[in-house]
Amino acid sequence: MQMIPTNDISTNALIDGPDDGQAVVFVNSLGTDLRVWDAVLPLLPGDLRILRYDMRGHGRSDAPPAPYHMGTLVADLAALLDTLKVRRAVVVGLSIGGIVAQGLAAERPDLVRALVLADTAAKIGTPELWQTRIDAVRKGGLEAIAGDVMARWFSPRFRRDQPEACALWQARLTDTPAEGYMGCCAAIAETDLMESTSRLRLPALVICGAMDGATPPDLVRETAALIPGADFRLIPGAGHLPCIEAPDLVATLIGGFLDTLPEGT
């Protein structure tokens, strides 16, 4: 891992794989960090150059005071890729990470070869919903919302059969800096990428857990429909984080998508 200056913060990043491999960039979801992809990466082809990082306000990256703006989160990723001299990457974004990926593809097409959007949308929720979430965290910390978040993140079966895994991810949620969580909530609240995402013309795979309680499949499917030719796939039995509940299927879908990308795109 290395700390890389990006705009006004230091960003924690981790790079694996050969320097000449296809660059694949993974962007975490709200309340997680780069470890959210841990179960998927060993199942991907070994010749990829994989970059993970902790979004502003998450993991080991700096967490300046809230609120944040989506443009800032997109600029953070662009600065990270520019610093590392990464071009034509396949960007894999989960939840808010998928919003960042859409924004990056619209603003810096030189950086993005293709998209994998997981459990995300061009617009998620309403400003009122996110303000209620911010108010709850400001009053009671992340512990105040942790139970509700787990119910959206994971299917009932996973919560029943994998209590230790759920406890681990709940602990990682509550370890997230409150300012970082609230800051990213504010960024989601202000964001509507329907118009810019509808102008994207690049290969895209869009996946969603069939039991996602945060970005339901119909919402994710609507965003997939904005991108001509996008392939939408449902992950049976999974909630909002299929990379945790069904890493084998997620890896298979990503690997298969990479195989479809034409040479030189």
Side-chain angles (χ1 to χ4, degrees), residues 3-13 25-34 36 51-84 86 89 91-112 115 117-139 142 145 149 173 176-200 214-215 219-220 223 226 240:
M3 300 300 291
I4 298 175
T6 51
N7 300 321
D8 60 334
I9 66 167
S10 292
T11 295
N12 181 49
V25 180
F26 288 84
V27 194
N28 62 283
S29 58
L30 182 67
T32 68
D33 57 30
L34 57 77
V36 76
L51 167 63
R52 291 181 284 166
Y53 74 103
D54 293 331
M55 187 179 299
R56 175 182 292 252
H58 288 69
R60 297 182 180 180
S61 293
D62 290 343
Y68 306 160
H69 299 286
M70 189 57 63
T72 304
L73 301 180
V74 172
D76 287 343
L77 178 52
L80 180 65
L81 298 183
D82 283 339
T83 298
L84 296 173
V86 173
V91 182
V92 184
L94 174 65
S95 192
I96 187 177
I99 304 177
V100 172
Q102 292 170 69
L104 184 71
E107 295 184 21
R108 291 289 306 273
D110 59 306
L111 298 178
V112 184
L115 289 174
L117 304 176
D119 298 80
T120 190
K123 183 180 186 300
I124 299 177
T126 64
E128 294 77 18
L129 179 152
W130 292 108
Q131 189 59 52
T132 298
R133 185 90 60 92
I134 291 168
D135 292 342
V137 173
R138 194 177 302 281
K139 180 179 180 180
L142 282 156
I145 66 168
V149 171
L173 168 68
T176 303
E179 290 293 331
Y181 190 92
M182 292 187 294
C184 286
C185 285
I188 300 171
E190 71 177 13
T191 300
D192 182 344
L193 300 184
M194 297 286 286
E195 194 276 332
S196 60
T197 294
S198 70
R199 289 188 279 107
L200 294 178
T215 52
L219 178 66
V220 181
T223 294
L226 296 175
H240 188 58

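Numbers here are sequence positions counted from 1. This structure is a prediction, so every number in the text was calculated from the model and none was measured.
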(message) Within the supplied structure, the quantity of interest is the number of heavy atoms (other residues, nucleotides, ligands) at a distance under 6.0 Å from Arg108 CZ; does it exceed 12?
(response) yes
(message) For the backbone of Ala186 and the side chain of Glu190, can you confirm whether one donor and one acceptor N or O come within less than 3.5 Å of each other?
(response) no
(message) With heavy-atom distances below 4.5 Å as the criterion, would you say the side chains of Thr191 and Gln102 are in contact?
(response) no
(request) Could you pull out the closest heavy-atom pair between Val74 and Gly103, with the gap in Å? (result) CG1-C, 3.9 Å
(message) Quick check: do Val27 and Tyr53 have side-chain heavy atoms less than 4.5 Å from each other?
(response) yes
(message) Looking at every heavy atom in both Leu73 and Ala187, which two are closest together, and how far apart are they?
(response) CD1-CB, 3.9 Å
(request) Rounded to the nearest 0.5 Å, what's the gap from OG1 on Thr11 to CG on Asp62? Could you check? (result) 7.5 Å
(request) For the pair Ser29 (side chain) and Thr32 (backbone), establish whether a donor and an acceptor sit closer than 3.5 Å, ignoring hydrogens and angles. (result) no
(message) Between Ser61 (side chain only) and Gly57 (backbone N and O only), is there a donor and an acceptor less than 3.5 Å apart?
(response) no
(message) I'd like to know if the side chain of His58 reaches the main chain of Gly31, judged simply by a donor and an acceptor atom lying under 3.5 Å from each other, with no hydrogens or angles considered.
(response) yes
(request) Taking all non-hydrogen atoms of both residues into account, name the closest pair between Ile96 and Cys184 and its distance. (result) CD1-CB, 3.7 Å
(message) I need the minimum non-hydrogen distance between Leu80 and Ala13, along with the two atoms involved.
(response) CD1-CB, 4.2 Å
(message) Using only atom types and a distance under 3.5 Å, with no angle test, would you say the side chain of Glu179 pairs donor to acceptor with the backbone of Pro64?
(response) no
(request) Mind checking the CG-CG spacing from Asp54 to Leu34? Nearest 0.5 Å is all I need. (result) 4.0 Å
(message) I need the Met182 CE to Leu142 CG distance, nearest 0.5 Å.
(response) 8.5 Å
(message) Looking at every heavy atom in both Leu117 and Gly98, which two are closest together, and how far apart are they?
(response) CD2-O, 3.6 Å
(message) Quick check against the 3.5 Å criterion: does Asp33 have a side-chain atom that pairs as donor or acceptor with the backbone of Asn28?
(response) no
(message) Using only atom types and a distance under 3.5 Å, with no angle test, would you say the side chain of Thr197 pairs donor to acceptor with the backbone of Leu193?
(response) yes
(request) Could you tell me whether the side chain of Thr223 reaches within less than 4.5 Å of the side chain of Thr215, counting heavy atoms only? (result) no
(request) Hey, could you give me the CD1/CG distance between Ile145 and Leu173, rounded to the nearest 0.5 Å? (result) 6.0 Å
(request) For residues Arg56 and Asp8, determine if any side-chain heavy atom of one lies less than 4.5 Å from a side-chain heavy atom of the other. (result) yes
(message) Does Met194, at its CE atom, have more than 12 non-hydrogen atoms belonging to other residues, nucleotides or ligands within less than 6.0 Å?
(response) no
(message) For a quick test of reading the model, state the closest non-hydrogen atom pair linking Ala121 to Ile99 and the distance between them.
(response) O-CG1, 3.5 Å
(request) To the nearest 0.5 angstrom, please state how far the CD1 atom of Ile4 sits from the CG atom of Asp76. (result) 12.0 Å
(message) With rounding to the nearest 0.5 angstrom, report the OG1 to CG distance, Thr6 to Asp82.
(response) 11.0 Å
(message) Test of understanding: with side chain to side chain donor-acceptor pair (under 3.5 Å), list the residues that count as partners of Asp192, not counting sequence neighbours.
(response) none
(request) State, with a plain yes or no, whether a side-chain heavy atom of Leu81 is found less than 4.5 Å away from one of Leu77. (result) yes
